[in-house]
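We count ligands from 1, going down the list as the structure has it; atoms in each ligand are counted the same way.
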Amino acid sequence: MSDRVLIAGNWKMNLDPDEGARFMEQFVLDAAGRAEVLLFPPALTLDSVRRALLEDPPARRVSLGVQNIHPEAAGAFTGEISAEMASAAGAEFVLVGHSERRALFGETLGDTRAKVSAVQRARLVPLLCVGETLEERKRGELERVLVGQLDAVIGTESIRDGVIAGGAFVLAYEPVWAIGTGETATPGDAAEAHALLRSLLSERLSPAVSDRVPILYGGSVKPDNAAELLNAPEVSGVLVGGASLDPESFAAIVRAAG
Ligand code: 13P
């Protein structure tokens, strides 16, 4: 399993450019910490966060990403941004397939495939989110859902070949029933889903390539449950929504990684 520990904050549609800059003034990181920190501000806030990072050397362990892209590189797609633009603006990572994109904006398996491919084309790192709804879990469909969402992307030859050739890839298990609900998966639930994802990655890629793919847990991660989730088997980090909006609580989650 990957030795990296990634603590990612998905700000969703929160924190404008001024608020993002204020967050960065108050977000204090312990220079000796081992976690890599990823922040996914709204696209319009990315630049103010990037500027704050340039001014503050202790925060150099922070990388930036965007929450969504359009698969095309440029063109008449009003309101959209491309992976190439995100890269030029300082992003290194792109979230793909977040459950809010799938449920609220109709993002299909085909869309996630096209977006991951576009992210790789721009030489950025896709962070693919997968996870089941409560109904699917109750119907015993955890495995079917995760296999479908992962295979839509990793089952594609060009993407799989790209990952095998050394292109980085990050996965996040985010059970939909635990997002924004205060309901957290137990470390056991997370370990079960992560083990399943690890074995799928290993079959689709190879054990050695799969070992380089961090698998993050997301869904109501808070300072008081982060350590036990981070200690669960196969959990390489966390993807935090609500608790990443407060610089102190997000810093406490980063500290929980050691
Ligand atoms: P919450 O941490 O607010 O549950 O959100 C999780 C999430 O969706 C991160 O992408």
Side-chain angles (χ1 to χ4, degrees), residues 5-15 19-20 23 27 35-43 45-46 49 62-69 86 91-105 107 111-112 115-116 119 124-134 136-137 145-146 149-150 153 169-187 189-190 193-194 197 214-230 232 235-257:
V5 182
L6 275 65
I7 308 294
N10 173 10
W11 288 357
K12 308 190 180 182
M13 197 171 73
N14 296 293
L15 305 191
E19 291 165 335
F23 176 100
F27 179 50
E36 294 169 52
V37 177
L38 316 182
L39 280 176
F40 293 88
T45 301
L46 188 88
V49 175
V62 181
S63 304
L64 299 178
V66 293
Q67 300 168 16
N68 183 40
I69 50 114
E92 293 174 62
F93 292 81
V94 181
L95 290 183
V96 178
H98 191 281
S99 63
E100 286 152 17
R101 302 273 352 146
R102 295 183 198 259
L104 304 176
F105 302 99
E107 194 162 293
D111 293 331
T112 59
K115 289 181 181 189
V116 167
V119 173
L124 300 181
V125 180
L127 197 169
L128 177 72
C129 304
V130 297
E132 82 290 5
T133 63
L134 188 57
E136 289 163 340
R137 171 165 273 258
V145 172
L146 297 187
Q149 292 176 342
L150 188 60
V153 168
F169 184 71
V170 180
L171 200 54
Y173 170 60
E174 295 209 305
V176 179
W177 47 272
I179 295 179
T181 58
E183 187 93 23
T184 318
T186 63
D189 293 333
H194 283 227
L197 291 168
I215 309 179
L216 315 186
Y217 168 79
S220 297
V221 176
K222 308 283 178 221
D224 60 2
N225 62 18
E228 61 170 5
L229 287 161
L230 285 164
V235 174
S236 332
V238 287
L239 177 54
V240 186
S244 73
L245 298 175
D246 174 61
E248 281 172 26
S249 72
F250 192 52
I253 294 172
V254 176
R255 278 197 302 278

Near [X], which atoms of ligand 1 are under 4.0 Å from a heavy atom of that residue?
X: Ser220; value: 1 (P), 2 (O), 4 (O)
X: Gly180; value: 1 (P), 3 (O), 4 (O)
X: Leu239; value: 9 (C), 10 (O)
X: Ala178; value: 4 (O)

Checklist entry - Is there a donor-acceptor contact under 3.5 Å linking the side chains of Glu174 and His98? => result yes

Would you be so kind as to tabulate the donor-acceptor pairs closer than 3.5 Å made by side chains of residues 247-255, with sequence neighbours excluded?
from	atom 1	to	atom 2	distance (Å)
Ser249	OG	Ala243	O	2.7
Ser249	OG	Asp246	O	3.4

Next on the checklist: Using a 4.0 Å heavy-atom cut-off, which part of Ala243 comes near ligand 1: side chain, backbone, both, or neither?
Outcome noted: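 The answer is neither.
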
Item to check | Per-residue contact class, Asn10 against ligand 1 - non-hydrogen pairs under 4.0 Å | outcome: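 The side chain, only.
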
Item to check | Thr181 (side chain) donor-acceptor with Trp177 (main chain) under 3.5 angstrom | outcome: yes

Checklist entry - So, Trp11 side chain and Leu245 main chain: donor-acceptor pair closer than 3.5 Å or not? => result no

Side chain to side chain, [X] and [Y], heavy atoms closer than 4.5 Å:
X: Val125; Y: Val170; answer: yes
X: Asn68; Y: Lys115; answer: yes
X: Gln149; Y: Arg102; answer: yes

Item to check | Sub-4.0 Å heavy-atom contact, Gly219 with ligand 1 | outcome: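 Yes.
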
Item to check | Non-hydrogen atom of Lys12 closer than 4.0 Å to ligand 1 | outcome: yes

Item to check | Identity of the nearest option to atom 3 (O) of ligand 1, non-hydrogen atoms only, from Pro175, Ser244, Gly242 | outcome: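 Considering heavy atoms of Pro175, Ser244, Gly242, the nearest to atom 3 (O) of ligand 1 sits in Gly242.
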
Next on the checklist: Suppose we measure from atom 7 (C) of ligand 1 to each protein heavy atom; which comes out shortest, and what is that distance?
Outcome noted: Glu174 OE2, 3.3 Å

Checklist entry - Got the closest protein heavy atom to atom 2 (O) of ligand 1, with its distance? => result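 Ranked first by proximity to atom 2 (O) of ligand 1 is Gly241 N, 2.9 Å.
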
Checklist entry - Does any N or O atom in Thr181 lie less than 3.5 angstrom from one in ligand 1, N or O only? => result no

Next on the checklist: One pair to check against side chain to side chain contact (heavy atoms under 4.5 Å, CB included): Val176 and Leu134. What are the steps and the verdict?
Outcome noted: CA-CA 7 Å; Val176 179; Leu134 188 57; over 6 Å; no

